[in-house]
Amino acid sequence: MTTAEVARIPSPDRTASARSPLVVLGTSGHAREIAWVGEQAGRPLLGCLGPHRTAEATRFPVPWLGEDEWLDTADPSVCYLIGVGDGSVRARIDQLASRNGRRAGSLVSPAATVGARCTLGDGSVVWPGAILTTDVRLGRHVHVGTGATVSHDTAIGDFATLLPGCRVAGSSRVGRGATIAAGATVVDNISIGRNAVVGAGAVVVQDVPENVVVVGVPARILRPSHPADH
């Protein structure tokens with residue numbers, strides 16, 4: 001993640017979006033979890049958008065409103081979240097959802113801990129038990145999973161995904177679209193490249209280039225990364 005990329009991570013005024021009605025784009029288990037976080041936070045979602053899956057519809061805690069095009073005619077105050085685990089897919093959906101100037105919301109579980117000096121980009125979701133300590137910056141549509149920890153002065157790029165129980169130590173940089181898998185550890189002062197994948201349980205002790213999968217203790221490059229890895 002370059003210095004320029006870090007500089008572009010916004011510090012948005014979330015006052016308006018914090019009051020706005022929300023919908024989630026997606027109908028999978030990931031989207032159901034976001035609806036659950038909304039319930040926890042006292043911000044129940046209006047509903048979900050996307051393909052109607054009969055098997056999922058009976059388990060979804062909010063109504064199915066229609067396909068993604070529902071947003072085109074929705075009230076301008078409605079903000080959106082993207083209930084998809086793959087950061088590259090979130091990026092594509094965001095491009096479409098925001099094309100008419102519609103804004104993404106953000107959502108933080110009341111069971112998460114977010115320091116007062118942290119900033120969250122639009123579309124970011126922070127799950128229960130996650131901890132962002134101080135001076136942590138999240139880009140757009142970053143998802144921080146249950147029990148994940150991000151320490152001081154760390155910047156997480158747009159569309160990155162931190163899966164449950166991972167740990168990112170201080171003064172680190174996680175690039176756009178990167179995935180840190182469950183239980184992985186990134187030690188301090190490390191840079192994770194764009195679209196890189198850190199495998200479950202890996203321990204990263206040196207910088208990771210773009211577009212690779214790293215695994216093991218200590219983490220080593222396994223192969224190039226592919227969209228299916230995220």
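Computed from a prediction, not measured in an experiment: that's the story for all the values here. Start at 1 with the first residue, then count along the sequence. Scope of the values below: all heavy atoms of this structure, side chains included, with no hydrogens, waters or symmetry mates.
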Check your understanding: Are Thr149 and Arg167 close enough, and set up right, to give a side chain to side chain donor-acceptor pair (under 3.5 Å), and what steps lead you there?
Key -> CA-CA 5 Å; Thr149 302; Arg167 295 175 290 179; over 6 Å; no

same_hphob_cluster([X], [Y]) at 4.5 Å side-chain heavy-atom cutoff:
X: Val168; Y: Val108; answer: yes
X: Val37; Y: Ile34; answer: yes
X: Val136; Y: Ile131; answer: no
X: Ile221; Y: Ile192; answer: yes
X: Leu107; Y: Val84; answer: no

Less than 4.5 Å apart, any side-chain heavy atom of [X] and any of [Y]?
X: Val142; Y: Ser124; value: yes
X: Cys48; Y: Val24; value: yes
X: Leu132; Y: Leu138; value: yes
X: Leu25; Y: Leu71; value: yes

Taking [X] for the side chain and [Y] for the main chain, is one N or O donor matched with an acceptor at less than 3.5 Å?
X: Arg32; Y: Pro61; result: no
X: Thr113; Y: Thr133; result: no
X: Arg90; Y: Gly85; result: yes
X: Asp158; Y: Gly139; result: no
X: Ser172; Y: Thr154; result: no
X: Ser225; Y: Asn195; result: yes
X: Asp207; Y: Ser191; result: yes
X: Ser171; Y: Asp188; result: no

Roughly how far apart are [X] [atom1] and [Y] [atom2], rounded to 0.5 Å?
X: Arg140; Y: Arg176; atom1: CZ; atom2: CZ; value: 9.5 Å
X: Asp135; Y: Arg137; atom1: CG; atom2: CZ; value: 8.5 Å
X: Arg173; Y: Ile190; atom1: CZ; atom2: CD1; value: 12.0 Å
X: Leu22; Y: Ser77; atom1: CG; atom2: OG; value: 10.0 Å

Point to revise | Worked check of side-chain contact (heavy atoms from CB on, under 4.5 Å) between Leu81 and Val125 | key: CA-CA 8 Å; Leu81 299 165; Val125 181; 4.1 Å; yes

Review point. Would Tyr80 and Leu49 count as a side-chain contact (heavy atoms from CB on, under 4.5 Å) if you check the C-alpha gap in whole Å, the side-chain angles of each, and the deciding distance to 0.1 Å?
Key: CA-CA 10 Å; Tyr80 63 94; Leu49 304 175; over 6 Å; no

Exercise for review: Over 60° means perpendicular and under 30° means parallel, so classify the ring planes of His143 and His30, tilted if in between.
Suggested key: parallel

Taking all non-hydrogen atoms of both residues, which atom of [X] and which atom of [Y] are closest, and how far apart?
X: Trp64; Y: Gly50; value: NE1-O, 2.8 Å
X: Gly121; Y: Ser106; value: O-CB, 4.2 Å
X: Ala35; Y: Phe60; value: CB-CE2, 4.4 Å
X: Ala31; Y: Gly26; value: CB-O, 3.4 Å
X: Val214; Y: Ala202; value: O-CB, 4.4 Å
X: Ile180; Y: Cys166; value: CG2-CB, 3.8 Å

Exercise for review: Take Arg103 and Ser20 through the test side chain to side chain donor-acceptor pair (under 3.5 Å) and record every step on the way to the result.
Suggested key: CA-CA 10 Å; Arg103 186 173 179 182; Ser20 298; over 6 Å; no

**Study point:** Leu162: which of Val186, Ile156, Val198, Val126 passes side chain to side chain contact (heavy atoms under 4.5 Å, CB included)
**Key:** Ile156

Point to revise | Sole candidate of Leu45, Leu65, Val62 that passes side chain to side chain contact (heavy atoms under 4.5 Å, CB included) when paired with Val23 | key: Leu65

Practice item. Inspect the surroundings of CD in Glu67 and state if more than 12 heavy atoms from other residues, nucleotides or ligands are less than 6.0 Å away. Key: yes

Point to revise | Over 12 non-hydrogen atoms of neighbours within 6.0 angstrom of CZ in Arg223 | key: yes

Review point. Taking only residues two or more places apart in sequence or in another chain, which ones pass side chain to side chain donor-acceptor pair (under 3.5 Å) with His152?
Key: none

Check your understanding: Under 4.0 Å between a Lys/Arg side-chain N and an Asp/Glu carboxylate O for Asp72 and Arg99?
Key -> yes

Practice item. Applying side-chain contact (heavy atoms from CB on, under 4.5 Å), run through Leu120 and Val114 and close with a yes or a no. Key: CA-CA 10 Å; Leu120 277 63; Val114 178; 4.1 Å; yes

Exercise for review: Starting from the C-alpha separation in whole Å, work towards a yes-or-no answer on side-chain contact (heavy atoms from CB on, under 4.5 Å) for Val78 and Arg102.
Suggested key: CA-CA 8 Å; Val78 175; Arg102 188 172 300 277; 3.7 Å; yes

